Amino acid sequence: EVQLVESGGGLVQTGGSLKLSCAASGFSFDDYAIGWFRQAPGKEREVVSLIATGGGKTTYTVSVQGRFAMSFDNATNTLYLQMNSLKPEDTAVYYCAAVRGPKWYWFIPNSDDIDYWGKGTLVTVSS
């Protein structure tokens, strides 16, 4: 059974930092792309960062480049998202996500492509 369990959300002031965690299990990471999406109130769910299928490539949406950093601990199968210099527009529910297939080395999935979701963790950045 595939499981993605997020933690680490909370309330932070503008300019602050948070680190999200996603404990992943039940699938082979060689076959899946894994990463983070977020959904702000009234907006569509969007990709934030993604490790491509098989690893070796990490991408970030433009709005978080230089501020967010994703990493993966192979020993514990845990995905992390270090978020620095947070802005009010980063306020959203953040979801851990996994999608199967070799094509996700070359393409960035949208939310409709995702096979598995975590339940999400809320990040609120106050101004």
Side-chain angles (χ1 to χ4, degrees):
E1 180 185 5
V2 174
Q3 287 192 321
L4 301 169
V5 181
E6 304 99 332
S7 61
L11 174 64
V12 64
Q13 291 185 332
T14 295
S17 299
L18 280 175
K19 187 173 185 178
L20 306 183
S21 301
C22 172
S25 62
F27 59 95
S28 171
F29 299 96
D30 289 338
D31 299 327
Y32 283 79
I34 185 168
W36 295 92
F37 281 66
R38 67 185 179 186
Q39 188 165 19
K43 295 188 176 181
E44 294 186 354
R45 198 171 295 189
E46 63 173 359
V47 63
V48 175
S49 59
L50 189 79
I51 299 175
T53 300
K57 184 169 71 172
T58 302
T59 58
Y60 299 89
T61 194
V62 171
S63 62
V64 307
Q65 287 179 3
R67 300 188 299 122
F68 289 13
M70 187 168 61
S71 60
F72 186 75
D73 185 332
N74 288 292
T76 61
N77 288 343
T78 302
L79 184 70
Y80 297 100
L81 185 67
Q82 177 66 49
M83 305 185 295
N84 300 322
S85 302
L86 283 161
K87 305 175 181 180
E89 50 264 42
D90 295 317
T91 294
V93 178
Y94 284 71
Y95 297 91
C96 187
V99 57
R100 184 173 184 170
K103 69 183 285 186
W104 307 117
Y105 184 85
W106 304 106
F107 300 98
I108 304 298
N110 60 37
S111 58
D112 291 339
D113 297 313
I114 298 300
D115 294 312
Y116 300 103
W117 294 102
K119 292 184 177 180
T121 185
L122 177 63
V123 172
T124 303
V125 184
S126 63
S127 57

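Source: prediction; values computed, not measured.
A 4.5 Å side-chain heavy-atom check between Asp115 and Val2 finds every atom pair outside the cut-off. Within the 4.5 Å cutoff, side-chain heavy atoms of Ile114 are placed close to those of Pro109. Proximity of Ser25 to Asn77: side-chain heavy atoms (C-beta onward) are nowhere separated by under 4.5 Å.
With hydrophobic clusters built from ILVMFWY side chains whose heavy atoms lie under 4.5 angstrom apart, Trp106 shares a cluster with Val99. Leu18 and Phe37 are members of different hydrophobic clusters when ILVMFWY side chains are connected at heavy-atom separations under 4.5 Å. Cluster membership check: Val47 does not share its hydrophobic cluster with Val64, using side-chain heavy-atom separations under 4.5 Å among Ile, Leu, Val, Met, Phe, Trp and Tyr.
Phe72 and Phe29 have tilted rings, their planes meeting at an angle from 30° to 60° on a 0 to 90° scale. Ring pair Tyr116/Tyr32 is tilted by interplanar angle, where 30° to 60° counts as tilted.
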Requested in this report: Report the C-alpha separation of Glu6 and Tyr94 in whole Å, then their side-chain angles, then the decisive distance to 0.1 Å, and conclude whether the side chain to side chain contact (heavy atoms under 4.5 Å, CB included) test is met.
Outcome: CA-CA 8 Å; Glu6 304 99 332; Tyr94 284 71; over 6 Å; no

Requested in this report: Decide yes or no on side chain to side chain contact (heavy atoms under 4.5 Å, CB included) for Leu50 and Ile108, but give the supporting numbers first.
Outcome: CA-CA 8 Å; Leu50 189 79; Ile108 304 298; 4.1 Å; yes

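Contact record, Tyr95 with Gly120: CD2-CA, 3.6 Å, taken as the closest heavy-atom pair. Contact detail for Leu20 and Val123: the closest heavy-atom pair is CD2-CG2, 4.0 Å. Between Trp104 and Ala33, the closest heavy-atom pair is CB-CB, 3.7 Å. Closest of all the heavy-atom pairs between Ala40 and Thr91 is CB-O, 3.5 Å.
Going from atom OG of Ser127 over to atom NZ of Lys87 covers 14.0 Å, rounded to the nearest 0.5 Å. Here the NZ atom belonging to Lys19 is positioned 10.0 Å from the CG atom belonging to Asn84, to the nearest 0.5 angstrom. Thr58 OG1 to Ile34 CD1: the interatomic distance, rounded to the nearest 0.5 Å, is 11.5 Å. Separating the OG1 atom in Thr59 from the CE atom in Met70 is a distance of 7.0 Å, to the nearest 0.5 Å. Atom-to-atom distance recorded for Phe68:CZ and Leu86:CG is 5.0 Å, nearest 0.5 angstrom. Between the SG atom of Cys22 and the CG atom of Asp73 there is a distance of 12.5 Å, given to the nearest 0.5 Å.
In this structure, Arg100 forms no cation-pi arrangement with Phe27, as its terminal cationic atom is not both closer than 6.0 Å to the ring centre and no more than 45° off the ring axis.
Note on Arg38 versus Glu46: salt bridge recorded, some NZ/NE/NH1/NH2 to OD/OE distance being below 4.0 Å.
Exactly one residue among Arg67, Met83, Gln82 makes a side-chain contact (heavy atoms from CB on, under 4.5 Å) with Ser17. That residue is Gln82. With Cys96 as reference, Leu79 is the one residue of Val5, Thr78, Leu79, Leu81 to meet the side-chain contact (heavy atoms from CB on, under 4.5 Å) rule.
For CD of Glu44, the number of neighbouring non-hydrogen atoms (other residues, nucleotides, ligands) closer than 6.0 Å is 12 at most.
In this structure a side-chain-to-backbone donor-acceptor pair under 3.5 Å is missing from Ser21 to Ser7.
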